[in-house]
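One structure is given below, encoded as structure tokens.
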Amino acid sequence: MAMASMSFSLPNLNLRRVNRYSGMAFASVNKETSTTVGVRVTEGEGNLPKVVLTSPHGSEAEIYLFGGCITSWKVPSGKDLLFVRPDAVFNKKKPISGGVPHCFPQFGPGAIQQHGFARNLDWSVVDSDNADGNPVVTLLLKDGPYSRSMWDFGFQALYKVILNSKSISTELIITNTDNKPFSFNSALHTYFSVSVVFSMPSKLPFCWSDQISKFHCS
Ligand SMILES: O=P(O)(O)OC[C@H]1O[C@@H](O)[C@H](O)[C@@H](O)[C@@H]1O
């Protein structure tokens, strides 16, 4: 089993303690499903199901089950700190380009498709919770014929997203359910929304990192 967690934080906000609820919100919805305070499943772009986490502290996050992709994290001011490319498609023909896409079981190009298949598959909701006012959802991805066709291993990925008062946290647990070992890479390839105004001197080299091991300058 492998585990990784990540969290992005905001400056100070007041904390308010509320009761703990737990339940389950399901993916197959016609309109909207919610059994846990602050967690609902509804229809998003392209009629794809998405989980909406709503915090009593005023923040909100959206997670598409296709790709298990967090596409929005709005802080109490209403500002979305994540970015989704304007040309992103929500038709399952391509991964959603933006937000917090998964790279699993491979980062970048390699033996299988770029960044792996976890961002191309439907995850399901296996648990939802409300811990002291903080909505929590846990998504599941398991191997199936599509993943086996390119990566012949049994696995289970559990992805927990917690919307806290001042931050959003994620935890990914990968379990080998096969009878043979495997190795993998995993990353959350986050697109942040930034406003940057700068001018680039034309005589200086422009350098960027393409993949983990590649560095280019022009
Ligand atoms: O374009 P994709 O497959 O969604 O990947 C997102 C980006 O992933 C990065 O790792 C690559 O360096 C970029 O070139 C690429 O655009």
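- Rounded to the nearest 0.5 angstrom, Asn120 CG and Ile96 CD1 are separated by 10.5 Å.
- For the atom pair Gln114 CD and His189 NE2, the distance stands at 7.5 Å (nearest 0.5 Å).
- Atom CD of Glu171 is separated from atom CD1 of Ile162 by 6.5 Å, given to the nearest 0.5 angstrom.
- With hydrophobic clusters built from ILVMFWY side chains whose heavy atoms lie under 4.5 angstrom apart, Leu188 shares a cluster with Ile168.
- Hydrophobic clustering, with ILVMFWY side chains joined whenever heavy atoms are under 4.5 angstrom apart, keeps Val136 apart from Trp73.
- A 4.5 Å side-chain heavy-atom check between Lys92 and Asp122 finds at least one atom pair inside the cut-off.
- Placement of Phe66 and Leu139 in two distinct hydrophobic clusters is found when ILVMFWY residues are connected by side-chain heavy-atom separations under 4.5 Å, directly or transitively.
- Each of Asn176, Asp143, Asp178, Thr175 was checked for a side chain to side chain contact (heavy atoms under 4.5 Å, CB included) with Phe155, and the lone residue meeting it is Asp143.
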Arg40/Lys50 under side-chain contact (heavy atoms from CB on, under 4.5 Å): CA gap, chis, key distance, verdict: CA-CA 8 Å; Arg40 68 197 158 93; Lys50 70 177 179 186; over 6 Å; no
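- Between the NE2 atom in His57 and the NZ atom in Lys166 there is a gap of 9.5 Å [rounded to 0.5 Å].
- Residues Pro76 and Ser59 have side chains in contact (heavy-atom distance under 4.5 Å, counting atoms from C-beta outward).
- With Phe104 as the partner, the ring-ring contact (aromatic ring centres under 6.0 Å, His included) test is satisfied by one option alone out of Phe184, Trp123, Tyr159: Phe184.
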Test side-chain contact (heavy atoms from CB on, under 4.5 Å) applied to Phe153 and Ser147, step by step: CA-CA 8 Å; Phe153 295 105; Ser147 70; over 6 Å; no
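- Nearest heavy atom pair, residue His102 against residue Gly67, reads CD2-O, 3.2 Å.
- Of the inter-residue distances, the one linking Thr42 atom OG1 with Leu48 atom CG reads 12.0 Å to the nearest 0.5 angstrom.
- Between Leu172 and Leu158, every side-chain heavy-atom pair lies at or beyond the 4.5 Å cut-off.
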Steps toward side-chain contact (heavy atoms from CB on, under 4.5 Å) verdict (Val125, Thr138): CA-CA 6 Å; Val125 179; Thr138 304; over 6 Å; no
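- Leu141 is connected to Val100 through a chain of hydrophobic side-chain contacts under 4.5 Å among Ile, Leu, Val, Met, Phe, Trp and Tyr, so both are in one cluster.
- Nearest heavy atoms, Gly108 versus His115: N-ND1, 2.8 Å.
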Worked verdict on Asp80 versus Ser72 for side-chain hydrogen bond (donor to acceptor under 3.5 Å, both in side chains): CA-CA 6 Å; Asp80 201 327; Ser72 169; 2.7 Å; yes
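- Heavy-atom contacts from other residues, nucleotides or ligands closer than 6.0 Å to CZ of Arg85 number 12 or fewer.
- Across Gln113 and Gln106, no two heavy atoms sit closer than the pair O-NE2, 3.2 Å.
- The residues Lys160 and Asp127 are annotated as not salt-bridged, no charged nitrogen and carboxylate oxygen being separated by less than 4.0 angstrom.
- Hydrophobic cluster membership is shared by Val51 and Ile70, with clusters built from Ile, Leu, Val, Met, Phe, Trp and Tyr side chains linked at under 4.5 angstrom.
- Closest approach of Val39 to Asp129, counting heavy atoms only: CG2-O, 3.9 Å.
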Verdict with supporting geometry, Ile63 and Leu65, side-chain contact (heavy atoms from CB on, under 4.5 Å): CA-CA 6 Å; Ile63 306 134; Leu65 297 186; 5.6 Å; no
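- More than 12 heavy atoms of other residues, nucleotides or ligands lie within 6.0 Å of NZ in Lys180, so this atom counts as buried by the packing criterion.
- Under the 3.5 Å distance criterion, the side-chain polar atoms of Thr177 are matched with a main-chain donor or acceptor of Gly154.
- Within the 4.5 Å cutoff, no side-chain heavy atoms of Ser193 are placed close to those of Leu82.
- Aromatic ring orientation, Tyr146 versus Phe117: perpendicular (interplanar angle above 60°, classes split at 30° and 60°).
- Residue Ser97 comes nearest to Tyr191 through the heavy atom pair C-CZ, 4.3 Å, listed as atom of the first residue, atom of the second, then distance.
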Working for side-chain hydrogen bond (donor to acceptor under 3.5 Å, both in side chains), residues Asn134 and Ser55: CA-CA 6 Å; Asn134 299 320; Ser55 157; 5.2 Å; no
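- Taking both residues in full, the closest heavy atoms of Pro56 and Gly133 are given as CD-O, 3.0 Å, listed atom of the first, atom of the second, then distance.
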